[in-house]
2 protein chains.
Amino acid sequence: MTTIKDVAKLAGVSTATVSRVMNGTGYVNPSTKKKVNSAIKQLDYRPNDVARSLFKGKSKMIALFVPDIMNPFFPELARAVEDVTNHHGYTFILCNTDDEIEKEQTYLNALQQKSVDGIIIVSSTITKELISKIKIPIIALDRIIGANMSSVTVNNREGAREAVRYLKSIGCQRIAHICGPDHVINTAERMKGYLDEVKDEDWFLSSYIVSGEYYFQTATQAMKKLLTVHPEIDGIFVGNDLMGVGVLKGAKELGIRVPDELSVIAFDGIMLGETTTPSLTTMAQPIYEIGARAAEMLLEQINDSKYQSKREEFTVQLIERQSTRKRGESIDR
Amino acid sequence: MTTIKDVAKLAGVSTATVSRVMNGTGYVNPSTKKKVNSAIKQLDYRPNDVARSLFKGKSKMIALFVPDIMNPFFPELARAVEDVTNHHGYTFILCNTDDEIEKEQTYLNALQQKSVDGIIIVSSTITKELISKIKIPIIALDRIIGANMSSVTVNNREGAREAVRYLKSIGCQRIAHICGPDHVINTAERMKGYLDEVKDEDWFLSSYIVSGEYYFQTATQAMKKLLTVHPEIDGIFVGNDLMGVGVLKGAKELGIRVPDELSVIAFDGIMLGETTTPSLTTMAQPIYEIGARAAEMLLEQINDSKYQSKREEFTVQLIERQSTRKRGESIDR
DNA sequence: CTGAAAGCGCTAACAT
DNA sequence: ATGTTAGCGCTTTCAG
């Protein structure tokens, strides 16, 4: 490996000078600068980032924690974070935590020991105590963690309300909800939104709410059980798209026609929802934007000593596709 | 940040001794070991990995290059690599290259400067020259890169043949192929397999082969155009599952019933293929296994100075689902 | 404008 | 069995 010394020797200057031209710090005579640059080129020299990191205590790396990389929502999010961070010269590290606090703990330690500059976290299990022990900048994404840390989220509750209102507006009379896992804050928020709209309806039953655990297969099962017990259900608001697709699958298996007999709306707006037939109506999050915004905020926090933590909330947007239709409207396919 | 010096001071020993107990190298008196360990605990000391890396020239990090993180195949693969590497105490870095050689180049440099210990690469664009400049261990995954580097792949050609033979065996008379992008070696292999089985059939036309570029939407378009021009087609072998789902979508839009009028088989075996209705018959790769195996090989190569490069090929397996059915068989749904 | 030298935190000879 | 010391490759005072 060629080092700064080799360059210095070849250019006939000191290592300090080489460092100066590399970093553009301090004055250096144009002619020596030329010599140095040509030496660098000649040797195809690249500075050792590890040595740099050791000196600076920074690594030019940032990490993203996601609970489930197999849920397409997270690759889309990761993609955004990666784009932004790369663009600013950072190396991006993706960590899959399975929403297990032990894995989060392990990653947190490992990354800290590597002088990672900042972390974006999607987590429901991580605790404030754990975070407070970490001195590096952290941003919460998709789910608020608490404490006074910055976060980027969407209006889950209002989005859920909108979804349910939409179902009502197209004539659904019995609306159920397939929710996510208990411990996820989004689950609670979206459920609140659902309840806001249905709890005073005379048809509402608490057994209209079942959990699909944010998994495809679990949602299929849950949906089938639900519709078997409650065949009167004609609309379902599903907690995320992955489960929404599971519900579509369950309907097919039950011989229930979507959207003719049952309207389904979900949440997230991932590409998966466009692949099915019928395609999935959904409350779409601006996935790329929130990922990108979180990355930008993290970079601000890293580079600005007097950064103030803030919470930003984005709005979800209804995307009507084929899994919902006004009651009684004709089938034109 | 607490350093080894702090620990040494508190324990009343030298930093060398602390280092020795941490690493379990050399002799150290049980009683001093105790003192050191308690000092470590008391200070909640964690060694600085950057300093370690600088000294050792190794970072305990390994990276995986994938061409498209939005294709669910790659998260599944990444998951496997991550599991294995974490299990061995390595930090895992996922790099999305978009199959662009510039991004690969950039990542390669960045990672090398960070003393990354090894890289697993899924790439069609990377060149032998680029690789040969890198001195760190590299393994090719999913696609052979050439040179004499280790690789983990599947029997694409034979798998493709099997897929087409299966289509024939259930009575398909006109079998088309939606292939991936030109530059991907898998595309070529799978196409060869297809051609092996159909090129001598009197019905075969070269216009039965169209590209879906490994994208969902492109495949949908390609499929619709194909079936419009060639309505006689009754079987399609699709280059991967993502496109397979696109083909299913296209069929729905065209009003072609799958599998009654058209049988569709794809390649990969990702979870996405189970989410659709009909679910997708496919030649399933052992995704997790090949990812895990590549990771293991990389670790071998990192730790074994006399490692011999090798190529391992796994077998794909037919998974019959709902997108294929024997001609003339009754519909029981 | 440039060089000498200290030091980031750790490990591995080399002494003792 | 333990301490001393010389780096790993880089950056940044501090001199000149």
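The shown structure was predicted, so the numbers you read here are calculated from the model rather than taken from an experiment. Chain letters run A, B, ... following the sequence lines, proteins first and then strands; every chain starts at 1.
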Can you name the one residue among A:Thr127, A:Thr125, A:Asn109 that meets side-chain hydrogen bond (donor to acceptor under 3.5 Å, both in side chains) with A:Glu104?
A:Thr125
Between C1' of D:dT5 and CD1 of B:Ile4, the distance in whole Å:
14 Å
Under 4.0 Å between a side-chain N or O of A:Thr32 and OP1 or OP2 of C:dT2?
yes
Heavy-atom check, side chain of A:Tyr307 versus side chain of A:Pro137, under 4.5 Å:
no
Output the rounded distance in Å from NZ (A:Lys5) to P (C:dG3).
15 Å
Between the protein and nucleotides 12-15 of chain D, list every N/O to N/O distance that falls short of 3.5 Å.
none

Ignoring the backbone of B:Leu54, work out which of C:dC8, D:dT11, D:dG9 is nearest its side chain.
D:dG9
Roughly, in whole Å, what's the span from CD in A:Gln113 to C1' in C:dC10?
12 Å
Side chain of B:Asn48: nearest nucleotide among C:dG9, D:dG3, C:dT2?
C:dG9
Rounded to whole Å, CZ of A:Arg52 lies from C1' of D:dC8 at a distance of 16 Å
Quick one: which residue pairs count as a ring pair (Phe, Tyr, Trp, His ring centres under 6.0 Å) with a foot in residues 117-146 of chain B, not counting sequence neighbours?
none
Does some side-chain heavy atom of B:Ile131 sit less than 4.5 Å from a side-chain heavy atom of B:Ile121?
yes
If only side-chain N and O atoms of A:Thr3 are considered, is one of them under 4.0 Å from the OP1 or OP2 phosphate oxygen of D:dG9?
no
Atom-pair distance (NZ on B:Lys58; P on C:dA12), nearest Å
12 Å
When the distance from OH of B:Tyr27 to P of C:dT16 is rounded to whole Å, what number comes out?
21 Å
Return the value, rounded to whole Å, for the distance between atom CG of B:Leu43 and atom C1' of C:dG9.
15 Å
Quick one: label A:Val13 by what it contacts on the DNA or RNA (base, sugar-phosphate, nothing), any heavy atom closer than 4.0 Å.
sugar-phosphate
Atom pair distance, as rounded to whole Å: NZ in A:Lys114 and C1' in C:dC8
17 Å
Do you know which of B:Leu141, B:Leu94, B:Asn71, B:Ile270 makes side-chain contact (heavy atoms from CB on, under 4.5 Å) with B:Leu77?
B:Leu141
Listed by chain and number, what are the ring pair (Phe, Tyr, Trp, His ring centres under 6.0 Å) partners of A:Phe65, not counting sequence neighbours?
A:Tyr107
d(B:Gln113 CD, A:Thr91 OG1) to nearest 0.5 Å is 9.0 Å
